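Here is the structure we will look at.
One is the number of the first residue; the rest follow in order along the sequence. Just so it is clear, the values below take in all heavy atoms, side chains as well, and ignore hydrogens, waters and symmetry mates. Note that the coordinates shown come from a computational prediction; the quantities given were computed from them, not determined experimentally.
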Amino acid sequence: MDTIEQARAITKRVLGFAFLASWILIGLAVFNALADGRFIWWRVVPAAVAAAGFTWVSWQVVDELLDRRYPTRKVGMAAVLAVLAAALGGAEPVGWGFLLLCWLSIAVLEIPKRWSYVVAAGTWVTGVGLSALSGGTMLSGIVSGMTMTQRLLLDAMAYGLLCVIIPPSNRVWMWIWRLAVEAHRGKEAHTRLALAEERLRFSRDLHDLVGHQLSAIAVKTELAVRLSDVDTGAAKAEMAEVNALTRKALKELRQAVRGYRELDLTAELNSVKSVLEAAGVRCEVALPHRESPDGVAPVFAFAVREAVTNVLKHSTATFCDISFRFTADEAELTVRNDGVARRKAADLGSGLAGLSERLAAVGGAMTAQPTGEGQFLLRAVVSLPMAG
């Protein structure tokens, strides 16, 4: 489960806490009615059925609200079921009447604030009215020593307090959820932008790599065509140069595709850092203050690219530390992240396996495995001077 799904689940549980609280209070009301001999089954049973229907419909409402939709019909259906259950069971605000407040907690979400005041006032009037109508029934749970007027006043105060407290608290949670969604979308947008910039950078590099040769080939081919009728020898010389340029362009194109082009390792590190940070992964890079040895930059640039690709694709990392150092005898690159939970040490994947083969071809070696500290470490080492 990714971060946004976790945030959604947490928000849904918080918004649904009122449903759990309502059933706890209903259970206490039924228990008290049984203890006091006030239990009337032909009212409690349909009230419980209505309460169950209310819970089922309201849970669907919460799902749609989290998707920024306001299901007016389902909200209305839930209101009818809540009123029915409260009317049958007794409308105490700390009993069956809490269903009205539970309905209020979701009805005020995703509507303008001024309308939430209207909905809260309507809920208060409905709750107090039902409490007054059921005041003489055995299910009303009249507090010992209090008159009907006093009990009604107490219910009115309780409903009023809860109608004031519940709407703002749930609206705050919905606001937090919207912020989480917007932040997630922003993160995805930044990631897409960083990847687009990386593709653009690669296309520029590819153009610079073979563009000159292709332009020269076009010019020399045209020249050879013009010379073919007047100077066969010159035309053959031009075509020989075309052949050489073609082979050179093909070689450089293959090198670019395979990652063996002489990359600027620093530029590559800056590029992957921007991609990681756009994806919400904190990235720290440590480089020596000296120019890297000959041949090391293209190999380690490819290693960095492959390692970061795996961090983005196969982990849930929150940080990634990249370190490059070298001595007179060897150069070492390490990529460490905390996304080991979704990695499998025994299965490096084709990308890392290919990287291991590439390093072996120049006398290097690679390890990629969990560190035992909840982290994953990729370590690439090549001996200096490089072989091949």
Side-chain angles (χ1 to χ4, degrees), residues 1-26 47-87 91 93 96-127 130 159-160 162-193 278-280 316:
M1 182 182 295
D2 60 20
T3 304
I4 195 64
E5 287 299 324
Q6 291 176 350
R8 181 189 178 95
I10 291 172
T11 306
K12 188 175 181 180
R13 284 197 295 267
V14 171
L15 296 178
F17 178 76
F19 306 143
L20 176 62
S22 66
W23 280 103
I24 292 174
L25 293 175
I26 288 172
V49 172
F54 164 80
T55 303
W56 181 70
V57 173
S58 297
W59 198 244
Q60 297 182 47
V61 170
V62 170
D63 259 332
E64 297 195 32
L65 289 172
L66 291 176
D67 293 331
R68 302 299 298 271
R69 300 193 305 269
Y70 193 85
T72 305
R73 181 176 299 178
K74 290 182 180 178
V75 171
M77 185 185 305
V80 172
L81 291 170
V83 170
L84 179 61
W96 292 89
F98 193 79
L99 290 172
L100 299 172
L101 300 166
C102 185
W103 175 82
L104 175 64
S105 70
I106 61 173
V108 296
L109 301 177
E110 296 297 329
I111 63 174
K113 185 180 293 185
R114 63 180 182 276
W115 285 109
S116 69
Y117 298 145
V118 175
V119 174
T123 303
W124 180 82
V125 171
T126 303
L130 290 176
Y159 271 118
L162 292 172
C163 284
V164 169
I165 293 175
I166 289 176
S169 61
N170 270 19
R171 287 176 70 90
V172 166
W173 276 106
M174 185 60 74
W175 176 70
I176 293 173
W177 161 247
R178 287 199 297 267
L179 287 181
V181 172
E182 291 172 4
H184 181 72
R185 289 175 179 171
K187 172 183 169 182
E188 289 183 335
H190 286 145
T191 302
R192 288 194 297 270
L193 178 60
T316 55

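- Qualifying side-chain contact (heavy atoms from CB on, under 4.5 Å) partners for Leu179, counting only residues two or more places apart in sequence or in other chains: Trp175, Glu182.
- Residues passing the side-chain hydrogen bond (donor to acceptor under 3.5 Å, both in side chains) test with Trp23 are Thr55, sequence neighbours excluded.
- Judged by distance alone, with hydrogens and angles left aside, the side-chain atoms of Trp177 form a donor-acceptor pair with the main-chain N or O of Leu66 at under 3.5 Å.
- Taken to the nearest 0.5 Å, the CE atom of Met174 stands 11.5 Å off from the OG atom of Ser169.
- For residues 11-20, the salt bridge (Lys or Arg N to Asp or Glu O under 4.0 Å) pairs, not counting sequence neighbours, are Lys12-Asp63.
- The two residues Gly53 and Leu81 make their nearest non-hydrogen contact at C-CD1, 3.5 Å.
- For Ala47, the side-chain contact (heavy atoms from CB on, under 4.5 Å) partners at least two apart in sequence or on another chain are Leu88, Trp96.
- Between the side chain of Trp103 and the backbone N or O of Phe98 there is no donor-acceptor pair closer than 3.5 Å.
- Note that the CD1 atom of Ile106 and the CG atom of Leu65 stand 7.0 Å from one another [nearest 0.5 Å].
- Legend: residues meeting side-chain contact (heavy atoms from CB on, under 4.5 Å) with Ser105, ordered by chain and number and at least two apart, are Ala18, Ile166, Asn170.
- In terms of modelled atom types and a separation under 3.5 Å, the side chain of Tyr159 and the main chain of Leu101 share no donor-acceptor contact.
- Taking all atoms of both residues into account, the shortest heavy-atom contact from Ala91 to Gly127 is CB-O, 4.1 Å.
- The environment of Tyr70 atom OH is dense: over 12 non-hydrogen atoms of other residues, nucleotides or ligands sit within 6.0 angstrom.
- With sequence neighbours left out, Ala86 forms a side-chain contact (heavy atoms from CB on, under 4.5 Å) with Leu100, Leu130.
- From Ile26, atom CD1 reaches atom SG of Cys102 across 9.0 Å, with rounding to the nearest 0.5 Å.
- Distance OG1/Thr123 to CG/Leu162: 11.5 Å, rounded to 0.5 Å.
- With sequence neighbours excluded, no residue forms a salt bridge (Lys or Arg N to Asp or Glu O under 4.0 Å) with Arg171.
- Taking NZ from Lys74 and CH2 from Trp56, the interatomic distance works out to 7.0 Å, rounded to the nearest 0.5 Å.
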Note to self: Using side-chain contact (heavy atoms from CB on, under 4.5 Å), reason through Asp67 and Arg8 one step at a time and then give a plain yes or no.
What the structure shows: CA-CA 10 Å; Asp67 293 331; Arg8 181 189 178 95; 2.8 Å; yes
Practice item. Determine, step by step, whether Val83 and Thr126 satisfy the side-chain contact (heavy atoms from CB on, under 4.5 Å) criterion, reporting the C-alpha distance in whole Å, the side-chain angles of both residues, the deciding distance to 0.1 Å, and the verdict. Key: CA-CA 8 Å; Val83 170; Thr126 303; 4.1 Å; yes
Quiz: residues 109-121 side-chain donor-acceptor pairs under 3.5 angstrom, not counting sequence neighbours:
residue, atom, partner, partner atom, Å
Glu110, OE1, Arg68, NE, 3.3
Glu110, OE2, Arg178, NH1, 2.9
Ser116, OG, Lys113, O, 2.4

